[in-house]
Amino acid sequence: MKRIWHAYAAFRARNQGYFQRCEAQIAQSNLHMLQAALWVLLPFFLLYGIWTTITMRNPLLIACYAAICAALLGLFALTRRFRRQAPAPRTVQAACYLCVCMLMAFIITISIFPFPEQPALFYSLCYIIVATLFFFPYQRILLLMTGISGIYLLLVALFRPQEVAIFDRFSAVTTWLATSFFLLLICDLRLRSGEAQEQLEKASRTDSLTSLLNRPGAQVHMFPSFRRCQESHLPVAVMMIDVDRFKDYNDALGHPAGDDCLRTISKTIATFAVEHGFFAARYGGEEFLLFMSAVSTEKAQSLSNELLERVRQKAIAGPNGIVTISAGVAVRRPGPQDTLEELILRADEALYRAKGAGRNQVIVTDLESI
């Protein structure tokens with residue numbers, strides 16, 4: 001029993017962590033599911049409601065179908081609005097919870113009231129389908145479906161004859177037990193799939209040798225920070241870094257030693273970036289990129305010199321003495337027309353000037369003064 005509890009606690013922690021990390025992606029997936037479900041449910045309820053009106057002529061049943069069609073139509077209009085204006089993830093999740101509640105309210109109503117003498121034959125199937133329709137945190141959807149089951153049992157006890165209520169109570173309890181277990185399996189499968197996709201995306205954006213971001217990963221992670229600085233009128237500095245005479249190092253000591261050298265330098269850059277809250281990436285070969293937000297020209301100069309000194313202090317032995325790096329920095333307070341790509345290009349130009357001036361130094365270009 002203790003082992004089962006530990007496994008469940010681990011699942012809860014994974015579930016909570018995944019929803020915190022991937023809130024936007026999950027909401028987008030649920031939105032697509034909501035839109036697809038509405039395209040299916042609206043015609044189904046509309047046609048079935050018309051058929052029910054013609055054949056059964058039960059006023060309460062007709063009113064139920066009219067109400068669910070109107071409610072789903074309103075939800076459909078809301079999702080159409082989402083296409084024009086991107087909603088917050090919590091808004092999407094709230095719309096999905098609302099859809100679950102609306103569908104279950106309809107199912108409970110038609111299961112109990114129009115034909116009180118007949119057992120609810122479709123409640124169990126609909127309950128399971130609705131519960132697994134969207135991807136929610138397991139604890140939340142279980143709590144919601146438990147509350148819905150409690151309301152259903154209460155209404156059965158109040159409005160159903162005793163002989164029918166016995167069947168409905170047994171059906172509701174077994175359905176809740178089966179759904180709780182089934183939900184756990186479904187959530188675990190969805191969680192495993194999401195985590196695998198997350199790992200693949202992380203691997204596609206990470207350099208395998210240095211564990212830093214690669215060039216595509218740099219674009220993805222640095223662009224939002226660039227946009228925030230653009231909107232807040234804050235200065236941005238981009239540092240391009242190159243290992244001095246790295247070809248000579250590889251030719252003299254071999255590629256395995258060259259890989260070790262890059263790992264040591266990348267670890268130094270990564271530690272430096274974490275300490276200051278910057279983004280670091282391997283941009284290609286022996287080139288690295290550092291993105292520094294809200295950094296002035298003077299601060300960028302100071303930080304660049306500090307990084308060069310840290311690499312020198314590593315005292316990595318090479319054929320021409322200790323290994324050093326050169327850096328080019330471009331600083332700008334980006335306006336609406338400025339781009340991150342342009343800033344990187346200017347930093348790269350400054351890097352080549354630093355290498356041409358003798359290496360083991362930094363050149364900072366203040367684009368505001370140009």
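For clarity, every value in this text was computed on a predicted model and none was experimentally measured. Along the sequence shown, residues are numbered consecutively beginning with 1.
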- prompt: Hey, is the main chain of L142 close enough, under 3.5 Å, to the side chain of T146 for a donor-acceptor pair?
  reply: yes
>> When you group the ILVMFWY residues by side-chain heavy-atom contacts below 4.5 Å and let the links chain together, are L209 and L290 in the same group?
In response: yes
Between T53 and G49, is there a donor-acceptor pair closer than 3.5 Å when you use the side chain of the first and the backbone of the second? yes
Taking every heavy atom of Y127 against every heavy atom of S149, the minimum-distance pair comes out as OH-OG, 2.7 Å
What do you reckon, are the aromatic ring centroids of W39 and F76 less than 6.0 Å apart? yes
Rounded to the nearest 0.5 angstrom, the CD1-OG1 distance for I68 and T109 is 9.0 Å
The ring pair (Phe, Tyr, Trp, His ring centres under 6.0 Å) partners of F19 (sequence neighbours excluded) come to F135
Quiz item: Are the side chain of Y152 and the backbone of R169 linked by a donor-acceptor contact shorter than 3.5 Å?
Solution: no
Here the salt bridge (Lys or Arg N to Asp or Glu O under 4.0 Å) pairs for residues 131-141, sequence neighbours left out, are none
For V295 and A300, the nearest pair of non-hydrogen atoms, with its separation, is CG1-N, 3.4 Å
Rounded to the nearest 0.5 angstrom, the NE2-NZ distance for H276 and K299 is 6.5 Å
Residue pairs passing the salt bridge (Lys or Arg N to Asp or Glu O under 4.0 Å) test with at least one member in residues 277-292, sequence neighbours excluded, are D207-R282
Check your understanding: Would you call E195 and R192 a salt bridge, taking side-chain N to carboxylate O under 4.0 Å as the test?
Key -> no
The side chain to side chain contact (heavy atoms under 4.5 Å, CB included) partner of Y283 among D348, N214, I344, I241 is I344
ask   = Would S266 and T210 count as having a side-chain donor-acceptor pair, cut-off 3.5 Å?
value = no
(request) Measure the shortest side-chain to side-chain distance between I148 and M145 over non-hydrogen atoms and say whether it is less than 4.5 angstrom. (result) yes
- L158-I151 co-clustered via ILVMFWY side chain contacts under 4.5 Å: yes
- Aromatic ring pairing F44/Y48, orientation class (parallel under 30°, perpendicular over 60°, tilted between): parallel
- Relative to each other, are the rings of F134 and F136 parallel, tilted or perpendicular (30° and 60° limits)? tilted
| said: With a 6.0 Å cut-off (strictly less than), is the heavy-atom count around CE of M33, excluding the residue itself, greater than 12? | reply: no
Which label fits F246 and Y249: parallel for a plane angle under 30°, tilted from 30 to 60°, or perpendicular past 60°? parallel
| Verdict with supporting geometry, T365 and R353, side-chain hydrogen bond (donor to acceptor under 3.5 Å, both in side chains) | CA-CA 10 Å; T365 301; R353 291 201 301 274; 2.7 Å; yes
Looking only at heavy atoms, the pair that brings S304 and V362 closest together is CB-CG2, 3.5 Å
Between F170 and the options T174, D168, I166, the side chain to side chain contact (heavy atoms under 4.5 Å, CB included) test singles out T174
- Query: Between D338 and R333, does at least one N-O distance fall below 4.0 Å, as a salt bridge requires?
  - Reply: no
Query raised in the report: Under 6.0 Å from the NZ atom of K355, do we count more than 12 heavy atoms belonging to anything else shown?
Result: yes
Give a yes or no on whether the backbone of C229 and the side-chain of S232 come within a donor-acceptor separation of less than 3.5 Å. no
For residues 22-38, the salt bridge (Lys or Arg N to Asp or Glu O under 4.0 Å) pairs (sequence neighbours left out) are E23-R90
To the nearest 0.5 Å, atom CZ of F113 lies from atom CD1 of I108 at 9.5 Å
Tell me, do Q93 and N30 make a side-chain contact under 4.5 Å, heavy atoms counted? yes
Residues A347 and M240: closest non-hydrogen pair is CB-CG, 3.7 Å
Side-chain (S326) to main-chain (D242) donor-acceptor, under 3.5 angstrom:
no
Taken to the nearest 0.5 Å, the spacing of R245 CZ from N250 CG works out to 15.0 Å
Item to check | CD (E163) with more than 12 external heavy atoms under 6.0 Å | outcome: yes
Residue pairs passing the salt bridge (Lys or Arg N to Asp or Glu O under 4.0 Å) test with at least one member in residues 255-275, sequence neighbours excluded, are D260-R263, E275-R310
Value for CG (N305) from CG (L307), rounded to nearest 0.5 Å, stands at 9.5 Å
Please answer whether the main-chain N or O of A13 pairs with a side-chain N or O of Y18 as donor and acceptor at a distance below 3.5 Å. no
By ring pair (Phe, Tyr, Trp, His ring centres under 6.0 Å), F115 pairs with (sequence neighbours left out) none
Notebook entry, point to check: Is there a donor-acceptor pair under 3.5 Å between the side chain of D244 and the backbone N or O of N360?
Noted result: yes
Q) Is a side-chain N or O of R160 found less than 3.5 angstrom from the main chain of Q118, in a donor-acceptor match? A) yes
Nearest heavy-atom approach of A327 to A354 is O-CB, 3.6 Å
Between F278 and F291 (judged by ring centroids, cut-off 6.0 Å), do the two rings come close enough to count as a pair? no
Output for pair (I110 CD1, N58 CG), nearest 0.5 Å, gives 11.0 Å
